[in-house]
Protein chains: 2
Amino acid sequence: MPARGQANGNTESVDNYLKAILSLGGPEGRRVISKSLAERLSVAPASVTNMLQKLAAAPSPLVEYERHRGVKLSAAGRRRALEVVRHHRLIETFLYEVLDYPIDEVHEEAERLEHFISERFEERIAAKLGHPKIDPHGHCIPTMEGHMQEHDSIRLADVVDEGTFVIDSVSDRDAGTLRQLEASGITPGARLRVRKHTALDGYSVSIGRSSKAFDLSQETARDIRILPVA
Amino acid sequence: MPARGQANGNTESVDNYLKAILSLGGPEGRRVISKSLAERLSVAPASVTNMLQKLAAAPSPLVEYERHRGVKLSAAGRRRALEVVRHHRLIETFLYEVLDYPIDEVHEEAERLEHFISERFEERIAAKLGHPKIDPHGHCIPTMEGHMQEHDSIRLADVVDEGTFVIDSVSDRDAGTLRQLEASGITPGARLRVRKHTALDGYSVSIGRSSKAFDLSQETARDIRILPVA
DNA sequence: CCTAATAATTAGGTATGCCTAAATTTGCAG
DNA sequence: CTGCAAATTTAGGCATACCTAATTATTAGG
Ligand SMILES: [Mn+2]
Ligand SMILES: [Mn+2]
Ligand SMILES: [Mn+2]
Ligand SMILES: [Mn+2]
């Protein structure tokens with residue numbers, strides 16, 4: 001009967017599937033194909049099929065699934081996914097603000113703990129932090145009621161024009177990249193000038209009033225979201 | 001391959017077996033019989049046998065086990081058990097001191113989280129708390145190196161004489177009892193006068209300078225450890 | 001010393017979640 | 001329209017950690 005450990009009803013695995021479907025389906029909740037899930041979760045495609053069938057067959061299903069045509073979250077699934085995301089981002093903020101974690105270490109710890117904290121814990125750290133709206137990477141923290149207002153930021157990688165922007169958020173997926181961005185001053189809220197779109201499919205940028213320019217690869221530019229200057 | 005979720009190598013289950021063996025075997029590390037483990041962990045005796053065989057057969061075994069004659073921890077097992085206890089008690093202290101948890105809610109949360117926090121998390125909350133030596137129930141927190149100095153406190157239930165004592169610790173196992181003790185002022189460090197050993201196998205006691213006496217059942221008296229007045 | 005109760009072990013199952021290999025299905029190119 | 005490649009599903013397994021029922025050991029009383 002094992003594989004729980006949870007404060008709530010779901011397993012860590014189920015939570016991670018729900019989060020992945022939310023993330024890959026985007027705010028509009030597009031259907032997500034098994035292959036993307038398999039990649040995102042680093043499991044075999046067969047394992048995904050298996051899990052989706054189980055989730056869809058449950059008494060009150062967390063997903064809507066049709067053979068060969070992908071999944072999307074049910075209302076209940078979306079609610080749970082947003083709760084886990086809220087846990088994740090509150091924990092990240094807490095580790096960064098209260099426990100003085102280095103920015104590049106918060107994600108891994110949050111990825112684990114998000115499944116195991118109680119509602120009380122969630123409520124207490126939120127209170128301690130003054131009910132923050134964004135996490136240290138610049139990502140929105142869903143509300144207790146499960147709402148998340150999206151920024152209409154765009155990926156730096158999608159910018160063709162030169163110009164000045166405000167950094168909205170940076171990806172937390174890769175600790176190494178994050179460390180480098182932090183070192184370069186590329187953190188949420190900073191002002192970023194895009195000097196030119198270099199030949200080698202990258203960018204030359206500078207931060208704040210600094211005249212020091214440096215290069216970002218196309219790869220890295222996909223991990224940075226920006227907004228027009230206010 | 002599942003049932004992990006852990007920051008370290010063991011599963012939650014294994015950790016809980018090790019902690020139970022440490023606790024039931026006492027500081028001297030007496031052999032523990034399967035039945036006690038089954039009761040403590042709320043699993044069937046057959047499940048205990050199964051687990052002990054697996055733990056003992058591992059490449060570097062966490063326990064020494066002989067059929068029909070109980071288990072004790074190996075050096076490695078003891079080290080890990082003490083680490084989990086350290087996690088548990090640091091987390092309790094943290095929840096109580098930093099997150100303002102009610103005393104009777106810290107145990108349940110710690111019982112879960114103790115298995116999932118990283119070494120960094122352990123180190124950071126210890127630092128935040130100023131490297132505390134005892135938890136909110138009065139229990140010693142093992143050091144990072146795996147040492148735990150035992151108090152030579154005795155259970156109130158073992159006191160025959162009347163007299164005045166200092167409360168060393170209270171059990172965290174039952175939230176209800178804990179809430180009542182807290183309400184009566186029975187907390188670590190408080191001064192306790194034992195008035196009489198009542199007929200119905202209980203105690204009449206008072207706290208501090210108060211003249212108000214109240215009764216404690218023999219049951220409850222087993223959950224309180226005391227020291228002679230300094 | 002023998003027996004009966006108690007403790008422990010073995011045998012045979014279940015559920016979760018994952019894997020590989022062997023079918024299927026789909027959808028696109030020619 | 002066909003045929004192939006990519007995506008998906010099915011089939012068959014494995015590991016963890018439980019459970020119940022049946023069997024075997026140990027041990028304390030008489
Ligand atoms: Mn996770
Ligand atoms: Mn984040
Ligand atoms: Mn535990
Ligand atoms: Mn405690």
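Order of the sequence lines fixes the chain letters, A, B, ..., with proteins taken first and strands second; residue numbering starts at 1 for each chain. Just so it is clear, the model here is predicted, and its values are computed rather than measured.
- For the pair A:Leu41 CG and C:dC19 P, the interatomic distance rounds to 10 Å; values are reported in whole Å.
- In the helix from C:dC1-D:dG30 to C:dG30-D:dC1, the terminal helix axes, each the rotation mapping four pairs' C1' atoms onto the next four within five end pairs, subtend 10°, rounded to 10°.
- Regarding B:Lys54, its NZ atom lies at a distance of 7 Å from the C1' atom of D:dA17, rounded to whole Å.
- When side chains are defined from C-beta on, A:Val98 does not count as touching A:Ile125, because their heavy atoms never get closer than 4.5 Å.
- Rounded to whole angstrom, the span from the CD atom of B:Glu39 across to the C1' atom of C:dA7 amounts to 11 Å.
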Reading nucleotides 4-10 of chain D 5' to 3', which nucleotides get B (base under 4.0 Å from a protein heavy atom), which S (sugar-phosphate only), which -?
-> ---SSBB
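- For the pair B:Asn10 CG and D:dA17 C1', the computed distance is 15 Å after rounding to whole Å.
- For A:Ser13 and C:dT16, the shortest distance from a side-chain N or O to OP1 or OP2 is not below 4.0 Å.
- The closest donor-acceptor contact from the side chain of A:Arg124 to the backbone of B:Tyr101 lies at 3.5 Å or more, if one exists at all.
- Checking side-chain atoms of A:Arg40 against main-chain N and O of A:Ala20 turns up no donor-acceptor pair under 3.5 Å.
- Using a 30° and 60° split on the angle between ring planes, B:Phe116 and A:Phe116 fall in the parallel class, below 30°.
- Checking each of B:Glu145, B:Glu119, B:Glu122 against B:Arg86 for a salt bridge (Lys or Arg N to Asp or Glu O under 4.0 Å) leaves exactly one that passes, namely B:Glu122.
- B:Leu37 places its CG atom 13 Å from the C1' atom of C:dA7, with the value rounded to the nearest Å.
- In this structure, B:Glu92 does not pair ionically with B:Arg89, as no charged nitrogen and carboxylate oxygen lie closer than 4.0 Å.
- Side-chain contact between B:Thr11 and B:His115: absent, with no pair of heavy atoms (C-beta onward) separated by less than 4.5 Å.
- B:Leu55 places its CG atom 12 Å from the C1' atom of D:dA17, with the value rounded to the nearest Å.
- Within the 3.5 Å criterion, the main-chain N or O of B:Leu55 finds no donor-acceptor partner in the side chain of B:Tyr17.
- In terms of phosphate contacts, B:Tyr17 brings a side-chain nitrogen or oxygen within less than 4.0 Å of OP1 or OP2 of D:dC18.
- For B:His139 and B:His151, the distance between ring centers is not under 6.0 angstrom.
- A straight line from CE of B:Met51 to C1' of C:dA8 spans 17 Å, rounded to a whole angstrom.
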